[in-house]
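Indexing begins at 1, ligand by ligand and atom by atom, following the structure's order.
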Amino acid sequence: MIIVGGSSSRDLAKELSNTIGCAYVQAATTRFPDGECYTRIDTESLEGDVVIVQNTYPDSNLIEMFLLQDAVKKMGAERVTLVIPYFGYARQDRVFKPGEPESAKVMINHLGMMCDRVFTIDIHKESVLDYFRCPHRDLKAAAAIAEHFRGRGIDMVLSPDLGAKDRARDVGERMGVPHGYLDKERLSGTDVRISSEQVGLIECRGKNILIVDDMISTGGTIVAAKQALKGAGAKSVSVACTHGLFVNNALERLTGNALEAVLCCNTLENEVSHISVAGMIADALRESW
Ligand code: R5P
């Protein structure tokens, strides 16, 4: 097996190859003066099992992924596995208004033209993966998050909304602490309301709370959740998400709000992506299917 690291996932791809004990090659990706992507995999050949690790977000990384798929095929790859740590467009999983595209399906139709199996991690809508005609699996980061926070005094794990309650249950059960969810209403792209009445029913007074979510984008969800929990008497509020997008300086917004800890997995590499998913990807790659 040979791991090819795309430019979005250099550290993760390298860690993955170290964990598996297999060869690693970093794609050399640059941009032409007009912004077009140029990439090259500088190695003799790539015969056998090739694993490309690359996000499909932002769009520039999606283009790089397409080019890498073609390059590895041309270099002799017999089986191409895509590891897409953060799958962009997964939230655009259906036509919400007439005239819109089915964006997630469009991306998958194109990615699926040159691959034999696909792994994603905590994709926002798992069902979109069924558009792949090849074997595919979404890996869950709950174990890595629970492992990271075990022994750090967390009393309760909560998700910021009903949709993520299974994630909170998974992390909470692994840590052996109670779990639950908050009642969230989205007001706009950046603002949400967390029901203070419902928070009042959760026994969070004096507790160290861990909020878990699949992603932090603008940070609006986490800011509102933290305010509601603090208002209800929580002692501390830590935050862990799988994908830290942190758009529009969201990380500064969050830490400026004095959150006790904001951490994410290394599906998107940034200054707080300290929870590694390399081990679980390695385990999945080792399994033959
Ligand atoms: C929503 O369904 C997701 O699980 C996240 O809660 C959401 O995308 C976070 O977005 P933001 O950080 O912009 O509130």
Residue and atom name of the nearest protein heavy atom (relative to atom 10 (O) of ligand 1), distance in Å to one decimal: R186 NH2, 3.5 Å

At under 4.0 Å between heavy atoms, which part of T221 makes contact with ligand 1: side chain, backbone, both or neither? both

Side-chain donor-acceptor contact under 3.5 Å, S9 with Q54: no

Gap between atom CD of E78 and atom CG of L46 - 0.5 Å precision: 11.0 Å

With atoms numbered from 1 as shown, which atoms in ligand 1 lie under 4.0 angstrom from a non-hydrogen atom of G220? 12 (O), 14 (O)

Within-cut-off N or O pair, V192 and ligand 1, under 3.5 Å: no

Tell me which pairs pass side-chain hydrogen bond (donor to acceptor under 3.5 Å, both in side chains) where either residue lies in residues 192-206, with sequence neighbours left out. E185-R193

Please report the interatomic distance CZ(F149) to CE(M175), rounded to the nearest 0.5 Å. 7.5 Å

Using a 4.0 Å heavy-atom threshold (strictly under), name the region of T218 that reaches ligand 1: side chain, backbone, both or neither. both

G219 heavy atoms, cut-off 4.0 Å: which ligand 1 atoms fall inside? 11 (P), 12 (O), 13 (O)

Straight-line distance of C22 SG to I2 CD1, nearest 0.5 Å: 8.5 Å

Considering all heavy atoms of both residues, which atom of G6 and which atom of L68 are nearest to each other, and what is their separation? CA-CD1, 3.9 Å

Identity and distance of the protein heavy atom lying nearest atom 4 (O) of ligand 1: D214 OD1, 2.6 Å

Going by the atom numbers of ligand 1, which of them fall below 4.0 Å from some non-hydrogen atom of H124? 1 (C), 2 (O), 3 (C), 4 (O)

Which residues pass the ring pair (Phe, Tyr, Trp, His ring centres under 6.0 Å) test with Y57, not counting sequence neighbours? Y86

If we count only N and O atoms by modelled type, under 3.5 Å, do the side chains of Y24 and Q26 hold a donor and an acceptor together? yes

When you measure from atom 1 (C) of ligand 1 to each heavy atom in R91, K125, H243, K184, which option holds the nearest one? K184

Considering heavy atoms of the protein only, find what lies nearest to atom 5 (C) of ligand 1 and give residue, atom and distance to 0.1 Å. D213 OD2, 3.3 Å

Which atoms from ligand 1 have a heavy atom of M215 less than 4.0 Å away? 5 (C), 8 (O), 9 (C)

